[in-house]
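A, B, ... follow the sequence lines: proteins, then strands. Residue 1 opens every chain. Any value given below was found using the heavy atoms of this structure, including those in side chains, with hydrogens, waters and symmetry copies removed.
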There are 2 protein chains.
Amino acid sequence: MNPLPHYGVDPLPGLPGSVTICEVGPRDGLQNEQAIVPADVKVELVARLADAGHTVIETTSLVHPKWVPQLADAEEVLRRVERRPGVRYPVLVPNRRGLDRALDLGVTDIAVFASATESFAKANLNRTVDESLEMFAPVVARAREAGLNVRGYLSMCWGDPWEGEVPIPQVVATANRLLRLGCTELSLGDTIGVATPGRVAALLSALTAADVHIGQIAVHFHDTYGQGLANTLTALQAGVRTVDASAGGLGGCPYAGGATGNLATEDLVWQLAGLGIHTGIDLAKLVDTSVWLAGRIGRPLTSGTARALAAHH
Amino acid sequence: MNPLPHYGVDPLPGLPGSVTICEVGPRDGLQNEQAIVPADVKVELVARLADAGHTVIETTSLVHPKWVPQLADAEEVLRRVERRPGVRYPVLVPNRRGLDRALDLGVTDIAVFASATESFAKANLNRTVDESLEMFAPVVARAREAGLNVRGYLSMCWGDPWEGEVPIPQVVATANRLLRLGCTELSLGDTIGVATPGRVAALLSALTAADVHIGQIAVHFHDTYGQGLANTLTALQAGVRTVDASAGGLGGCPYAGGATGNLATEDLVWQLAGLGIHTGIDLAKLVDTSVWLAGRIGRPLTSGTARALAAHH
């Protein structure tokens, strides 16, 4: 199965020659599935994603199992995942203790998870934004001293379920604080999926005006309102080169009323390939992986592209 | 429920102040649902769509019931639908006999359905492209004489399941023939949902280079591969001002492997509203309508926006 060039390739002006996809399925995806997946499946998932050509695979989270029971086997997974040259395996780390465990396990890429709004910082981290950044400061500093890459997630960048529209200056301020802590990359999250293309362009423009280097920015869109790919296209036109996505649309149940699905990697790869943008990902292998995983967790694929291509098998 | 401005509005350069949505749910949507809906429901659906602010509602099809049993009650529906000032109710008409029936029923807007590829012309119309245009020629001519608006659908504009990539000159040639027959509007269909934004821009650019007026072009995207809204954004940036969509994503089952869902009107309205583009549509009323209809046909909504907003009710 290599269906893509079959339907033609046409570039658009102002888009890059290649894009890095940060595959968040094993962490962000599985964390938000009801089913708890055995470590064997997680280890195989990460290997299959690397086989499919992924070069950044967010592997797991060292958050306490009380908060994320789906990833309680993080240490086992990290011990067993084969780390290949040229592939990065970032791990979410909540605090200093998590960093220590990550360093013991030979992790070279970590992520910390901050919020652009007070409401979500309180709900998700039980801290104010200030308190959470104080908590992260020594984590990021020590990680950087140890030579690690540090991704800073910034959630609720465009909308917040409690606060509605999030003011751009507020997002820019927290983004800059994360970068000043030493984060090497910033992933801007549309956590509830409400952003539209003009809002994306406005925030990116404000960030670059505040001296944030566009090369440090990744975008993390959710397809809750169907806006993920249009927002991605706009972000790429603004100079972003790293896009988060989740294999098969993993994370967030398609049947739930308030589904919060991640942008599906297959849909993203389809778009980028049609635009002649290199991702290094073999779409057929990726779809096979998503089909296999959907069987393991007992739910249908949410990715339209994965469903359509799987039907051709 | 009026949730949109709650998450902010930011325009993008080069986009229009307003867009006309051609609501295709009652015809294209219901025609592609397995469930057969009673005329009562169809009449109420059209009235509710007008209540929600739609100004173009494709109401039914006068194709022989043998081919489209879902719309076998077309004449009853057309007799019963209340036609409001300022709202157009186009009806698909396959041939001269269909046009006669449409004229008897006081229809003022018709649509004819052509294919950009020989394979689909054969499969769908059992004719070559030439033969189908010969069949439409007197229909369009007579309709125009009678003062009707005539929309020409052109399907498979970017990809065809039998032929793969469809060459742009082939699409441009058939598009121009439809316009020369007298069609007042041309709806370019991505019938299998494979188009990506660069391919959309390339076809629109070739059409305008061939002296097609961009104001006569509508786009009709399917979300099969998740590309509908990114393609829409690109079409709007190229000057298109009319977009086809289907309430709730009606048409094409979300569970089927090769789902062929229309772009959902709610997702489109969410994007346009976030961009500050006027559509005249009340999203809350539209979501209520889609929720009501989903209950009547016994299937879940495929529109992410409709699902998310319905969950807030």
Set out, in order, the CA-CA distance, both residues' side-chain angles and the distance that settles side-chain hydrogen bond (donor to acceptor under 3.5 Å, both in side chains) for A/Glu23 and A/Thr265, then state yes or no. CA-CA 7 Å; A/Glu23 171 60 55; A/Thr265 312; 2.8 Å; yes

Item checked: Side-chain donor-acceptor contact under 3.5 Å, B/His222 with B/Asn262 -> yes

If one checks every heavy atom of B/Asp160 against chain A at 4.5 Å, the contacting part turns out to be backbone

The interface call for B/Thr196 against chain A, heavy-atom contacts under 4.5 Å, is side chain

* If we ignore angles and hydrogens, is there a donor and acceptor under 3.5 Å between the side chains of A/Ser290 and A/Glu266? -> yes

* Asked: Between A/Tyr153 and A/His220, what is the ring plane arrangement, given parallel below 30°, perpendicular above 60°, and tilted in between?
  -> perpendicular

Smallest heavy-atom separation, B/Asp190 atom then B/Phe221 atom, equals CB-CD2, 3.9 Å

Expected contact set for residues 197-204 of chain B against chain A at heavy-atom separation under 4.5 Å reads B/Pro197, B/Gly198, B/Arg199, B/Ala201, B/Ala202

Whether the side chain of A/Arg307 engages the backbone of A/Leu301 through a donor-acceptor N/O pair (distance < 3.5 Å, no angle test) should be reported. yes

Chain B shares the most heavy-atom pairs under 4.5 Å, among A/Leu229, A/Leu275, A/Val194, A/Val166, with A/Val194

A/Gln237 side chain vs A/Ala235 backbone, donor-acceptor pair below 3.5 Å: no

Taking every heavy atom of A/Ser246 against every heavy atom of A/Leu250, the minimum-distance pair comes out as OG-O, 2.7 Å

So, the part of B/Ser303 with a heavy atom under 4.5 Å from chain A: the answer is neither

